[in-house]
Amino acid sequence: MKITAIETYVCNARMRNWIFVKVVTDQPGLWGWGEATLEWHTKSVVGAIEDISQLLVGEDPRRIEHLWQMMYRQHFWHGNGIVRGTAISGIDIALWDILGKIHGVPCHELWGGRVRDHIRLYCHLGGGKMEDFYETAPGDAKRFGELAQMAVEDGFTAFKSMAVPETMPLEGLRPVKYAEACVAAMRDAVGDDIDIMVDCHARPSPRMGMLFAKALEPYGLYFFEEPCWPETMEDIALIQRAVQTPIASGERLVGVHAFRELLEKRAVSVIQPDITHCGGLSEARKIGALAEAYRVSMAPHNPQGPVSTAASIELGFATPSYIICESVHKDVEWREDVVSEGFTVQKEGRIVLPNGRPGLGIEINEEEVKKHPFQQEVLQRTFYKDGSVGDW
């Protein structure tokens with residue numbers, strides 16, 4: 001059995017271009033689907049996949065770890081950068097899809113079987129609609145409360161918001177009070193039985209991140225995400241030690257070595273590897289095992305397309321440290337037209353029941369993808385009041 005081709009299919013989904021990866025074999029009808037979506041780097045990732053495919057065409061797709069080592073270590077440059085890491089991830093996910101199809105079982109059965117009976121989903125405010133999640137004014141506390149109530153009415157028991165505004169390295173009370181008002185409005189709207197997450201997007205400096213974390217501590221957040229840059233892991237650890245709120249980070253990290261450092265520093269209570277960036281399912285499984293050793297929870301970053309979601313769910317069913325699956329369902333109206341999924345979602349509670357199909361249990365409709373060709377992603381640029389560059 002040999003790999004004969006590695007193909008990419010780009011599907012524009014407004015804010016993102018989903019990059020679907022198809023690994024084709026010499027066995028009739030046997031291929032695997034992966035995803036390598038990376039906002040604002042679509043052309044770079046497609047090129048990286050083309051470069052890496054030279055290593056894999058003609059190889060046996062069943063030797064997944066062997067092929068992963070080739071992709072990561074050969075061509076001299078290691079695959080620990082975001083573009084090459086994403087390219088590796090997309091191919092690796094597709095290889096696991098193939099292996100599941102060969103053996104006629106879902107991927108989670110390849111990894112020792114189910115460790116849980118269902119997986120809980122959480123949504124973004126607005127269900128993934130860009131304007132509601134990213135462009136709701138941080139001072140509009142009422143709007144945050146309304147969107148929170150909508151998430152609960154849609155069946156979710158947990159949701160994520162971006163209630164922390166863009167801030168300069170040091171500001172006064174105004175942004176902190178804004179964030180506090182928004183979170184208070186959400187908590188008032190949904191009560192104590194719903195889990196609320198706040199994503200800082202690593203916008204704040206370490207000191208501002210600390211101020212936000214302490215201000216929001218009374219509201220019992222499920223977790224507080226990326227309070228400052230991942231480059232300053234020591235400061236993330238300081239914030240974690242200063243508050244009872246679980247701190248989460250990791251979506252921008254690539255490879256198990258980066259997560260080892262995060263865990264060694266006891267910086268977080270929740271790690272968030274992105275399966276489409278960190279090295280694919282092969283590396284995510286190693287990261288999950290490392291989290292288990294440290295008794296740290298795992299909640300993969302997953303705001304991308306449907307293959308990423310299917311991969312996250314398969315990982316979740318076989319990974320003890322996995323606690324919840326990020327999902328978007330209203331980013332584009334035609335999302336369900338592009339993919340056929342093997343798992344089912346119960347609307348009440350947004351509970352996912354196991355996939356029973358082989359591999360990831362998904363199939364991509366290539367004709368539907370063609371209806372949404374590449375478009376340059378919506379630019380998101382941030383400048384502070386004085387004109388200096390900020391973090392989006």
Side-chain angles (χ1 to χ4, degrees), residues 36 38 41 48 65 68-69 71-74 76-89 92 164 169 197-210 212-213 221-303 308 311-312 315-316 319-324 326 391:
L38 183 63
H41 296 79
E65 181 62 28
W68 192 95
Q69 294 289 329
M71 290 189 288
Y72 184 88
R73 297 167 61 182
Q74 294 187 341
F76 182 73
W77 303 103
H78 283 178
N80 52 12
I82 190 61
V83 171
R84 187 165 177 181
T86 301
I88 291 171
S89 298
D92 177 84
V164 170
M197 289 150 273
V198 171
D199 184 0
C200 294
H201 243 213
R203 289 168 166 175
S205 66
R207 179 48 46 185
M208 291 302 297
M210 178 74 80
F212 284 120
L221 299 179
Y222 189 61
F223 60 68
F224 188 59
E225 181 175 338
E226 282 202 306
C228 56
W229 286 5
E231 291 93 326
T232 58
M233 287 186 187
E234 292 85 354
D235 291 301
I236 300 177
L238 288 174
I239 295 171
Q240 177 64 102
R241 294 187 183 100
V243 296
Q244 294 180 346
T245 307
I247 301 300
S249 189
E251 68 184 61
R252 308 182 199 213
L253 302 181
V254 177
V256 70
H257 303 292
F259 283 90
R260 179 192 63 198
E261 183 181 358
L262 190 70
L263 291 165
E264 285 176 345
K265 294 180 185 301
R266 306 300 201 276
V268 295
S269 298
V270 183
I271 58 167
Q272 298 177 291
D274 189 310
I275 300 169
T276 67
H277 304 326
C278 74
L281 285 163
S282 293
E283 197 75 342
R285 292 183 65 227
K286 297 171 186 176
I287 294 166
L290 194 60
E292 177 73 6
Y294 281 87
R295 298 295 292 151
V296 166
S297 299
M298 183 183 195
H301 181 247
N302 176 50
S308 175
S312 183
L315 179 72
T319 305
S321 56
Y322 190 107
I323 55 168
I324 197 167
E326 180 174 8
D391 287 290

Participant: Given the rule in the side chain to side chain contact (heavy atoms under 4.5 Å, CB included) test, do Arg266 and Arg241 qualify, once you have shown the distances and angles that lead to the verdict?
Facilitator: CA-CA 9 Å; Arg266 306 300 201 276; Arg241 294 187 183 100; 4.2 Å; yes
Participant: How about Leu38 and Thr276: do any of their side-chain heavy atoms sit closer than 4.5 Å?
Facilitator: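 The answer is no; the side chains never approach within 4.5 Å.
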Participant: Got a sec: does the CZ of Arg207 have more than 12 other heavy atoms crowding it under 6.0 Å?
Facilitator: no
Participant: When rounded to the nearest 0.5 angstrom, what is the spacing between CZ in Phe259 and CG in Leu290?
Facilitator: 10.0 Å
Participant: When rounded to the nearest 0.5 angstrom, what distance separates CE in Met197 from CD1 in Ile324?
Facilitator: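 One finds 4.5 Å between CE of Met197 and CD1 of Ile324.
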Participant: How close do Ala291 and Ile271 get, heavy atom to heavy atom, and via which atoms?
Facilitator: CB-CD1, 3.5 Å
Participant: Locate the shortest heavy-atom distance separating Asp274 from Pro303; write the atom from each residue and the value.
Facilitator: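 Here Asp274 and Pro303 meet closest at OD2-CD, 4.2 Å.
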Participant: Once rounded to the nearest 0.5 Å, what's the spacing between atom CG of Asp92 and atom CZ of Arg285?
Facilitator: 10.0 Å
Participant: To the nearest 0.5 Å, what is the distance between CD1 (Ile88) and OG (Ser282)?
Facilitator: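 With rounding to 0.5 Å, CD1 (Ile88) is 10.5 Å from OG (Ser282).
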Participant: Give the minimum heavy-atom separation between Val83 and Ala48, together with the two atoms involved.
Facilitator: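 In this case the closest contact between Val83 and Ala48 is CG1-CB, 4.0 Å.
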Participant: Where is the tightest heavy-atom contact between Asp235 and Cys228, given as atom of each residue plus distance?
Facilitator: CB-SG, 4.1 Å
Participant: About how many Å separate CH2 of Trp229 and OG of Ser205, when rounded to the nearest 0.5 Å?
Facilitator: 10.0 Å
Participant: Under 3.5 Å, is there a donor-acceptor pair linking the side chains of Gln240 and Ser269?
Facilitator: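 Yes, because at least one side-chain N or O of Gln240 sits under 3.5 Å from a partner of the opposite role on Ser269.
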Participant: Within the side chain of Trp68, is there an N or O that forms a donor-acceptor pair under 3.5 Å with the backbone of Glu283?
Facilitator: no
Participant: Which pair of non-hydrogen atoms, one from Ser249 and one from Ile236, has the smallest distance, and what is that distance?
Facilitator: OG-CD1, 4.0 Å
Participant: Would you check if Met298 and Thr319 make a side-chain contact, meaning some heavy-atom pair closer than 4.5 Å?
Facilitator: yes
Participant: Where the side chain of Ser297 meets the backbone of Val270, is there a donor-acceptor pair that is under 3.5 Å apart?
Facilitator: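 Pair absent, no side-chain N/O of Ser297 close to backbone of Val270.
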Participant: Just by modelled atom types, is the Met71 backbone N or O under 3.5 Å from a matching donor or acceptor in the Arg84 side chain?
Facilitator: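 Checking the backbone N and O of Met71 against the side chain of Arg84, a donor-acceptor pair under 3.5 Å is found.
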Participant: Atom CD of residue position Glu264 - does it have more than 12 heavy atoms of other residues, nucleotides or ligands inside 6.0 Å?
Facilitator: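 Counting other residues, nucleotides and ligands, CD of Glu264 exceeds 12 neighbours.
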Participant: How about Ser312 and Asn302: does a side-chain donor come under 3.5 Å of a side-chain acceptor?
Facilitator: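 Side chains of Ser312 and Asn302: no pair found under 3.5 Å.
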Participant: Any side-chain heavy atom of Val164 sitting closer than 4.5 Å to one from Phe224?
Facilitator: yes
Participant: Of Arg252, Glu251, Glu225, Glu326, which meets side-chain hydrogen bond (donor to acceptor under 3.5 Å, both in side chains) against Gln272?
Facilitator: Glu225
Participant: So, for Pro230 and Leu253, which heavy atoms are closest and what is the spacing to 0.1 Å?
Facilitator: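 Heavy atoms of Pro230 and Leu253 come nearest at CB-CD2, 4.1 Å.
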Participant: Could you state the interatomic distance from OG1 (Thr245) to CZ (Phe223), rounded to the nearest 0.5 Å?
Facilitator: 12.0 Å
